[in-house]
Amino acid sequence: MEHLHVKGIGFGSYLKLMLILSLSVGLVLGAILFILSIFNGDVYAYIGPIQLTGVLAGIFSIFLSPLIFGIWGLIIGLVSFLPVKLTLKVIKGIKMNLNLVQGDINTND
């Protein structure tokens, strides 16, 4: 585990990070909804005018939740990029613990 001081982030990298985080949250939510649907929880999925309930809604949630969260993650990433970049400048960066592979990163101190 190595420590890295991030003073800024590129636009593409930030969008990729937001997309990965959003897809992960969507996948976890979809899995939770699927598990709830198996145990007769009230799970609903709306696809336009079609309303699904029960296990079928849980199955659709596994696929639709990451998709919807991914789209929202990209939108939020577009809107929040400049505030995040400004915040990193104001707080003089952020220290992160990362598993780095030799040659993956170019650090200019």
Side-chain angles (χ1 to χ4, degrees):
M1 188 83 52
E2 297 181 43
H3 301 283
L4 183 67
H5 191 138
V6 179
K7 296 179 182 178
I9 188 167
F11 182 69
S13 297
Y14 182 71
L15 282 183
K16 286 179 193 175
L17 179 63
M18 289 298 294
L19 181 62
I20 290 169
L21 292 172
S22 301
L23 288 173
S24 299
V25 169
L27 190 59
V28 169
L29 179 65
I32 290 170
L33 290 174
F34 176 68
I35 292 169
L36 285 175
S37 72
I38 290 174
F39 294 108
N40 294 326
D42 292 334
V43 177
Y44 300 95
Y46 297 94
I47 304 170
I50 302 169
Q51 176 184 355
L52 303 172
T53 59
V55 176
L56 187 59
I59 292 170
F60 271 84
S61 294
I62 289 175
F63 299 104
L64 290 179
S65 293
L67 178 66
I68 293 168
F69 273 76
I71 291 168
W72 275 109
L74 286 176
I75 292 169
I76 291 169
L78 289 170
V79 173
S80 66
F81 174 69
L82 290 177
V84 167
K85 195 168 181 168
L86 178 66
T87 302
L88 284 174
K89 280 189 179 188
V90 169
I91 65 172
K92 296 184 174 97
I94 185 169
K95 291 183 182 177
M96 301 175 77
N97 296 326
L98 302 171
N99 288 328
L100 299 175
V101 177
Q102 189 72 19
D104 274 357
I105 195 158
N106 183 9
T107 55
N108 296 324
D109 290 317

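Because only heavy atoms are used, hydrogens play no part in the values below, and waters and symmetry mates are left out as well, while side chains stay in.
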> Run the side-chain contact (heavy atoms from CB on, under 4.5 Å) check on L27 and S65 step by step: do they pass?
Replying inline: CA-CA 6 Å; L27 190 59; S65 293; over 6 Å; no

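Once rounded to the nearest 0.5 Å, the distance linking CD1 of I76 with CD1 of I71 reads 12.0 Å. Atom CG of L33 sits about 11.5 Å away from atom CG of D42, to the nearest 0.5 Å. Atom OG of residue S80 and atom CD1 of residue I75 lie 11.5 Å apart, to the nearest 0.5 angstrom.
Below 30°, between 30° and 60°, or above 60°: for F81 and Y14 the angle between ring planes is between 30° and 60°, a tilted geometry.
Although no hydrogens or angles enter the test, the distance criterion places no donor-acceptor pair under 3.5 Å between the side chain of H3 and the main chain of L98. The backbone N or O of I20 sits less than 3.5 Å from a side-chain atom of S24, completing a donor-acceptor pair.
Residues I50 and Y46 fail the side-chain proximity criterion, which asks for heavy atoms closer than 4.5 Å. Between K7 and L88 the shortest side-chain heavy-atom distance does not fall below 4.5 Å. A heavy-atom distance below 4.5 Å is found between the side chains of I59 and F34. Taking 4.5 Å as the limit, some side-chain heavy atom of L64 sits within range of a side-chain heavy atom of I47.
For the pair S37 and G54, the tightest heavy-atom approach, listed with the atom from each and the gap, is CB-O, 3.3 Å. Across S22 and G73, no two heavy atoms sit closer than the pair OG-CA, 3.0 Å. For the pair I9 and S13, the tightest heavy-atom approach, listed with the atom from each and the gap, is CG1-CB, 3.9 Å. Nearest heavy atoms, K92 versus H5: O-NE2, 2.7 Å. The minimum heavy-atom distance linking S61 with P66 is given by the pair O-CD, 3.8 Å.
Criterion: ILVMFWY side-chain heavy atoms under 4.5 Å apart, direct or through other members. Under it, F69 and L19 are not part of a common hydrophobic cluster. A continuous path of ILVMFWY side-chain contacts below 4.5 Å connects L82 to V6, so both sit in one hydrophobic cluster. Criterion: ILVMFWY side-chain heavy atoms under 4.5 Å apart, direct or through other members. Under it, M18 and F11 are part of a common hydrophobic cluster. W72 and L29 sit in two unconnected hydrophobic clusters of ILVMFWY residues. Membership requires side-chain heavy atoms under 4.5 Å apart, directly or through other members. Using a 4.5 Å cut-off between side-chain heavy atoms of Ile, Leu, Val, Met, Phe, Trp and Tyr, with links allowed through other members, V84 and I94 fall into the same hydrophobic cluster.
In this structure, N40 places its CG atom where only 12 or fewer heavy-atom neighbours from other residues, nucleotides or ligands lie under 6.0 Å away. A 6.0 Å sphere centred on CZ of F63 holds no more than 12 heavy atoms belonging to other residues, nucleotides or ligands.
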